[in-house]
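Worksheet: one structure, shown below.
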Number of protein chains: 2
Amino acid sequence: MSRSKSRKFSGKATLRDVAREAGVSVATVSYVLNNTGSVSDQVRKQVKSAIKLRGYVPNLSAQAMRTGRTKTIGMILPDLRNPFFPELAQSVENAARSNDLAVFLVDTQESQTAEAEGIFKLIQYGVEGIVWCPSSDMDYFKEYSADTPVVVIDRPLPNYDNVYSDYIKGGKLLAQHILSEGHCKIGLISGPQSFESAAQRRRGFLDELGNSAEVVWEVENSFSMELGDETRARLLQQDVSVVVAANDMIAIAAIKILNQNKIKVPETISIVGFDDIPWSDIVQPPLTTIKQPLSELGKEAVNLLMRRIENPEASKKSVVLDVDIVIRQSVRMIETVDNETGLEST
Amino acid sequence: MSRSKSRKFSGKATLRDVAREAGVSVATVSYVLNNTGSVSDQVRKQVKSAIKLRGYVPNLSAQAMRTGRTKTIGMILPDLRNPFFPELAQSVENAARSNDLAVFLVDTQESQTAEAEGIFKLIQYGVEGIVWCPSSDMDYFKEYSADTPVVVIDRPLPNYDNVYSDYIKGGKLLAQHILSEGHCKIGLISGPQSFESAAQRRRGFLDELGNSAEVVWEVENSFSMELGDETRARLLQQDVSVVVAANDMIAIAAIKILNQNKIKVPETISIVGFDDIPWSDIVQPPLTTIKQPLSELGKEAVNLLMRRIENPEASKKSVVLDVDIVIRQSVRMIETVDNETGLEST
DNA sequence: CATATTGACTTAAACGATTAACCTATATAA
DNA sequence: TTATATAGGTTAATCGTTTAAGTCAATATG
């Protein structure tokens with residue numbers, strides 16, 4: 001089937017070509033394309049068939065230049081390999097596409113310079129807005145462009161539109177569950193406290209804990225599978241019955257270390273995570289954790305973004321989405337507090 | 001620090017603004033921006049400071065319209081939640097960015113209509129090329145636009161530039177390893193044979209196997225964690241000593257099923273996978289599998305793409321990257337198969 | 001009947017860059 | 001001396017749209 005080979009030797013058909021083909025002016029063609037102006041049914045048909053015939057596809061660059069709207073947004077992420085992000089990215093992209101926006105992806109690999117450059121590039125490309133998950137606590141936008149709409153996702157920042165999960169509630173749910181299972185010696189691996197997302201989980205957890213249990217030790221660790229020296233050391237002390245990790249990746253890394261040292265999970269040490277990343281129910285033991293509504297997060301982010309694009313002067317808005325605990329098998333119930341915790345070899 | 005607020009009430013500074021500020025023509029400004037034409041050092045300095053002063057940032061839409069180059073490419077993926085893709089996406093994006101190209105992300109969620117729409121949209125946006133990992137064996141580009149440069153990644157297609165791993169070698173390595181561990185009753189869960197990537201693993205495996213072992217059963221399964229009814233049934237037959245899965249996700253799903261049915265892996269049934277996705281060493285038991293050079297794949301893809309962009313008439317080119325086996329603990333050694341005067345060393 | 005109003009188009013001016021073509025003074029060559 | 005490069009600019013056309021403004025007949029209004 002020889003598809004409409006446009007007769008011009010090279011390149012796309014333009015409005016002008018279509019107009020000539022249909023025997024009308026370019027304006028008329030534009031009017032029928034945009035359903036604006038007023039054109040007779042007769043002419044409309046002609047134009048439409050001319051469009052089809054020439055395989056016309058509008059030039060978005062030209063459109064953008066004329067209208068000022070590029071129909072694109074940007075998405076800046078720290079690291080797609082972190083299993084938290086793929087689903088987020090997917091939902092942002094899909095939501096954007098169903099709003100007739102294309103999305104530029106920027107994966108900074110956690111590099112601040114890449115983040116800065118990325119933002120700059122996106123602005124050059126004239127994105128109408130940016131969905132941003134900050135790699136650090138640096139606030140690049142103050143510097144570059146305060147007038148590009150931005151919504152910050154997952155790691156809320158003051159003076160922005162934010163969308164994130166109810167980390168405080170998540171922390172509380174974890175505390176309740178641990179308490180109800182009878183744990184009272186706790187090791188806490190908290191995330192980078194400069195991120196609200198980490199700080200709030202910690203706060204929620206500690207608040208709910210109150211005096212009902214003791215935090216024997218606490219270390220701060222990055223949100224990744226690389227555990228710091230102190231974290232590893234703490235884990236092997238075996239002076240706690242449960243370890244609360246700032247997210248699932250840390251939790252999984254911890255399980256690995258414990259296994260390597262023949263410490264049984266959850267028999268000897270229980271573990272909880274946060275995020276409910278896709279693999280948290282594949283790992284042994286399946287992880288008790290807090291489920292974030294990843295794909296809603298993404299959808300909501302583009303909602304917020306579109307709101308701000310349409311109304312740049314609207315007041316800042318934060319939406320926080322509900323979370324839930326998902327109980328699997330990484331926490332064991334402790335019957336008697338004092339008696340049971342001995343050392344039993346493999 | 002009140003940053004260069006351009007005096008015009010709204011919007012970005014333009015070439016014209018800079019020119020006025022520097023007291024020269026727009027052409028001159030353009031020349032210094034592009035290091036073309038000839039301008040005196042004197043004027044060059046003036047212009048540069050004017051650029052800085054007004055916070056000028058070029059309008060890529062205008063540039064694109066004039067030059068025909070959008071400096072963008074598209075990337076079409078089936079599903080970011082499949083752990084095979086995030087690293088790929090990341091490396092493509094990074095490679096593109098270091099070539100001064102921004103990338104549009106399209107995640108089709110395995111939907112063919114989304115794929116068709118996505119491709120069409122990308123063409124509308126005037127991407128200079130597309131990195132495509134097909135969701136199906138449909139060949140959309142024939143229909144839409146044969147003149148947009150495309151490189152197909154991971155699932156080679158005839159008449160395209162392709163980049164993929166040496167699946168045949170991967171299959172062979174697996175066969176060798178299984179044989180050397182003394183297995184001779186094999187269950188094979190192969191991937192969708194309409195994908196070359198699946199067909200070649202199978203072929204490599206079977207060819208290397210020869211008559212040295214028996215494939216007791218074979219089923220075809222999609223490249224996902226959802227196992228078909230027949231697959232599940234076969235797994236529970238327990239008439240094989242090793243199951244060869246078409247990729248790691250299938251392998252992991254299989255382990256899960258087996259565990260649920262109290263069948264020990266690898267004690268009773270060994271398992272191998274393919275891909276070496278990030279979690280294959282976290283799962284219990286850690287998976288023996290074939291490692292694909294994901295990030296090289298991405299890099300190579302944009303190399304190929306740039307080659308074709310620069311020279312659209314170049315002959316089609318396929319690059320296939322080397323793979324290696326990574327041996328973990330999901331395959332156990334079988335001591336004595338039969339009491340032959342065998343060549344098995346302990 | 002003269003005058004508005006409307007419907008159906010067309011003309012042409014933007015949008016912001018790039019770049020071929022042109023201009024002018026000064027240096028070089030013959 | 002006159003002819004000729006060359007360096008350092010400027011002018012204006014152009015890319016493909018959108019859209020305000022204009023044209024002109026046909027119809028409606030009073």
Side-chain angles (χ1 to χ4, degrees), chain A residues 6 8-48 50-51 54-72 100 123-128, chain B residues 6 8-48 50-51 54-72 100 123-128:
Chain A
S6 90
K8 298 173 55 178
F9 67 109
S10 113
K12 314 272 158 207
T14 150
L15 257 202
R16 187 179 263 71
D17 295 327
V18 174
R20 192 173 309 144
E21 179 82 39
V24 297
S25 73
V26 292
T28 301
V29 179
S30 177
Y31 287 140
V32 358
L33 279 163
N34 301 343
N35 272 329
T36 146
S38 96
V39 334
S40 65
D41 284 1
Q42 159 76 340
V43 169
R44 188 179 302 275
K45 301 246 187 257
Q46 286 178 33
V47 169
K48 281 192 171 168
I51 287 172
R54 307 295 295 242
Y56 170 78
V57 18
N59 179 324
L60 287 212
S61 296
Q63 221 163 251
M65 184 166 46
R66 180 64 229 245
T67 64
R69 299 206 48 197
T70 57
K71 295 185 175 180
T72 61
D100 200 28
I123 291 178
Q124 273 201 210
Y125 277 84
V127 295
E128 298 186 30
Chain B
S6 89
K8 298 173 54 177
F9 65 109
S10 114
K12 313 275 159 205
T14 153
L15 257 202
R16 186 180 262 71
D17 296 329
V18 175
R20 193 174 308 144
E21 179 83 38
V24 297
S25 74
V26 291
T28 301
V29 178
S30 177
Y31 287 141
V32 357
L33 280 162
N34 301 341
N35 272 328
T36 150
S38 97
V39 334
S40 66
D41 285 0
Q42 159 76 340
V43 170
R44 188 179 302 275
K45 301 247 186 250
Q46 286 178 31
V47 170
K48 281 194 170 167
I51 286 173
R54 307 293 293 241
Y56 169 78
V57 19
N59 179 326
L60 286 213
S61 296
Q63 222 162 251
M65 184 164 45
R66 182 63 232 250
T67 64
R69 300 206 45 197
T70 57
K71 295 185 176 181
T72 61
D100 199 28
I123 291 178
Q124 272 201 214
Y125 277 84
V127 294
E128 299 186 30

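Sequence lines set the chain letters: A, B, ... in the order given, protein chains first and strands last, and positions in each chain run from 1. Since we're looking at a predicted model, the values are computed, not measured.
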- Message: Please give me every residue in residues 31-45 of chain A whose heavy atoms get under 4.0 Å of an atom in DNA chain D, ordered by residue number.
- Response: A:Tyr31, A:Asn34
- Under the criterion side-chain contact (heavy atoms from CB on, under 4.5 Å), which of A:Asn34, A:Val24, A:Val43 is the partner of A:Val29? A:Val24
- B:Thr14 side chain, from C-beta outward: closest of C:dA17, C:dT11, D:dT17: C:dA17
- Donor-acceptor pair, side chain of A:Asn59 and main chain of A:Ser61, under 3.5 angstrom: yes
- Note on the structure: Residues A:Gln46 and A:Ala22: closest non-hydrogen pair is OE1-O, 3.2 Å
- Message: A side-chain contact here means heavy atoms from C-beta on lying under 4.5 Å apart; do A:Arg44 and A:Val47 qualify?
- Response: no
- Item | Nucleotide D:dC15, atom P - distance to CG of A:Leu60 in whole Å | 19 Å
- Just to confirm, is there a sub-4.0 Å distance from OP1 or OP2 of D:dT10 to any side-chain nitrogen or oxygen of B:Thr28? yes
- Hey, could you give me the NZ/CD distance between A:Lys71 and B:Gln124, rounded to the nearest 0.5 Å? 7.5 Å
- Task: Could you tell me the separation between the CZ atom of B:Arg20 and the C1' atom of C:dG16, rounded to a whole number of Å?
- Result: 13 Å
- Message: Please pick, from D:dT17, C:dA17, D:dT19, the nucleotide with the shortest atom-to-atom distance to any side-chain atom of A:Gln63.
- Response: D:dT17
- Mind calculating the distance between NZ (A:Lys12) and P (D:dC15) to the nearest angstrom? 17 Å
- Distance, rounded to the nearest Å, where A:Asp17 contributes CG and D:dG16 contributes C1': 10 Å
- Task: Report the distance from atom CZ of B:Arg16 to atom P of D:dT10, rounded to the nearest whole Å.
- Result: 14 Å
- Task: Rounded to the nearest angstrom, tell me the gap between atom CG in A:Leu15 and atom C1' in C:dT11.
- Result: 15 Å
- Task: Report the residue (B:Gly23 or A:Ala27) whose heavy-atom-nearest nucleotide on DNA chain D is the more 5′ of the two.
- Result: B:Gly23
- Query: Just how far, in rounded Å, is C1' of C:dT19 from CZ of B:Arg69?
  - Reply: 17 Å
- A:Ser25 side chain: which of D:dT17, C:dA17, C:dT10 is closest? C:dT10
- Message: Which nucleotide wins on minimum distance to the side chain of B:Asn59, given the candidates D:dG16, C:dT11, C:dA17?
- Response: C:dA17
- Okay, side chain of A:Asp17, backbone of A:Thr14: is any donor-acceptor separation there less than 3.5 Å? yes
- Message: Quick check against the 3.5 Å criterion: does A:Glu128 have a side-chain atom that pairs as donor or acceptor with the backbone of A:Thr70?
- Response: yes
